[in-house]
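Each residue takes its place number in the sequence, starting with 1.
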Amino acid sequence: MIIMAADYVGYHIVNFLCSRHEKIEVFIYDPDDRGNYNNRMLDLVKSLDSSTRVYSYQELKSSELMKNIQNLAVDFGVLAWWPYIIPKEIIQLTKRGFVNTHPGYLPYNRGKHPSFWSIVEGTPFGVTLHYVDPQIDTGPIIAQREIPVTWLDTGETLHKRAQEEILSLFYDSFDTIKDGSPQVCMQIQKSGTFHLGKELEPASVIGIDKMYSARTLLNLIRGRVFDGKGFANFIDGDKKYYVTISIRSEDNA
């Protein structure tokens, strides 16, 4: 198995695999060390098997290293909350390809920032395990779970719920992934929605003189609440202002 792991979800998946003494031939870590989990993951992997080959993702640019990994004839790989799009050459490093942990309910919200777009566009939200193909989040679906969205949710709460739900889904699905027996569902390529990371900031700008429905404006603002801060913004004159929101239900008012 090849594992590419990052952040909170990556750490917990690595911990799960190591607790089961699963064979990890190659471990790839995120050079940006999101969440500062790299050292903990490296300790787990090395304590399980000192022969595991460990590389930074930047090192995979080496054609010689890619060839060495391919010669290992690894069965499959896992992208555990992996923040980068992997090219076809990396997908082909394993016999059965890679399984991705996606924080969106495919085919809705392929690409980046699913929690924001689910709130803003009113699309279903959830988590999905799927095989990776050369496109972005379009591969066959292994398993998925929908997460209900309420008015009390923000981009942050949905993101955190997705983290926990994808871990649960991965744990429950791993044995079928390992033995190659999952019943997959092909995605209809022209259905669903897709967003690039660069779309987030322009979509977060409120036109100060623009007409919005209350629903649209509330969704835009709460979709950009993260880490307790509001990142939706507007510009008036030469100044930029940030907007946050707090919504409570009648029961908790």
Side-chain angles (χ1 to χ4, degrees), residues 1-31 37-38 40-103 106 127-145 165-187:
M1 189 184 342
I2 296 177
I3 303 294
M4 298 186 181
D7 215 326
Y8 174 87
V9 171
Y11 167 75
H12 282 281
I13 286 179
V14 169
N15 185 56
F16 168 79
L17 296 172
C18 290
S19 69
R20 288 173 46 118
H21 299 278
E22 300 291 346
K23 178 66 175 175
I24 300 174
E25 283 93 347
V26 180
F27 176 74
I28 309 295
Y29 61 89
D30 171 16
Y37 285 99
N38 279 359
R40 279 181 275 182
M41 289 191 287
L42 290 168
D43 288 343
L44 285 169
V45 170
K46 282 301 185 180
S47 65
L48 176 66
D49 187 347
S50 60
S51 69
T52 297
R53 303 184 184 204
V54 175
Y55 306 105
S56 164
Y57 187 58
Q58 292 174 325
E59 296 179 83
L60 288 187
K61 296 176 182 178
S62 164
S63 58
E64 182 177 353
L65 177 57
M66 295 268 281
K67 184 177 180 180
N68 290 338
I69 294 175
Q70 197 162 33
N71 288 338
L72 295 174
V74 177
D75 192 25
F76 70 99
V78 174
L79 302 182
W81 217 249
W82 194 244
Y84 307 106
I85 297 170
I86 64 171
K88 180 174 65 174
E89 293 75 18
I90 292 179
I91 298 172
Q92 294 173 341
L93 289 178
T94 67
K95 297 177 184 176
R96 293 197 281 121
F98 280 80
V99 173
N100 186 38
T101 54
H102 181 68
L106 298 178
V127 295
T128 306
L129 296 174
H130 68 96
Y131 284 111
V132 177
D133 65 11
Q135 306 304 314
I136 300 175
D137 301 327
T138 59
I141 293 171
I142 298 167
Q144 59 184 170
R145 290 179 186 164
E165 200 63 51
I166 197 66
L167 288 173
S168 174
L169 186 61
F170 183 84
Y171 301 158
D172 291 344
S173 305
F174 179 73
D175 285 333
T176 58
I177 293 170
K178 179 181 176 182
D179 64 25
S181 64
Q183 299 295 310
V184 300
C185 175
M186 304 303 293
Q187 296 190 55

Legend entry - Positive for side chain to side chain donor-acceptor pair (under 3.5 Å) with Lys23, one of Thr52, Asp49, Asp75: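 For Lys23, the side chain to side chain donor-acceptor pair (under 3.5 Å) check succeeds only for Asp49.
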
[atom1]-[atom2] distance between [X] and [Y], expressed to the nearest 0.5 angstrom:
{"X": "Met186", "Y": "Thr138", "atom1": "CE", "atom2": "OG1", "value": "8.5 Å"}
{"X": "Phe27", "Y": "Leu42", "atom1": "CZ", "atom2": "CG", "value": "5.5 Å"}
{"X": "Ile141", "Y": "Gln183", "atom1": "CD1", "atom2": "CD", "value": "14.0 Å"}
{"X": "Asp133", "Y": "Ile91", "atom1": "CG", "atom2": "CD1", "value": "6.5 Å"}

Closest non-hydrogen atom pair, [X] against [Y]:
{"X": "Ala73", "Y": "Lys95", "result": "O-CE, 3.3 Å"}
{"X": "Phe174", "Y": "Met1", "result": "CZ-CE, 4.0 Å"}
{"X": "Gly10", "Y": "Trp81", "result": "N-CB, 4.1 Å"}

Inset, instruction - Please identify each residue that fulfils salt bridge (Lys or Arg N to Asp or Glu O under 4.0 Å) with Glu165, with sequence neighbours left out. - result: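 With sequence neighbours excluded, Glu165 shows a salt bridge (Lys or Arg N to Asp or Glu O under 4.0 Å) to Arg145, given in chain and number order.
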
Inset, instruction - With the side chain counted from C-beta on, respond yes when Thr128 and Ile142 share a heavy-atom pair under 4.5 Å apart, and no when they do not. - result: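 With C-beta onward as the side chain, the pair stays apart.
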
Inset, instruction - Please indicate whether Ile85 has more than 12 foreign heavy atoms, meaning atoms of other residues, nucleotides or ligands, lying under 6.0 Å from its CD1. - result: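 Counting neighbours around CD1 of Ile85, 12 or fewer heavy atoms of other residues, nucleotides or ligands fall under 6.0 Å, so no.
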
Legend entry - Over 12 non-hydrogen atoms of neighbours within 6.0 angstrom of CD in Glu89: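 Above 12, so yes.
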
Legend entry - Ser173: partners by side chain to side chain donor-acceptor pair (under 3.5 Å), with sequence neighbours left out: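 Here no residue qualifies.
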
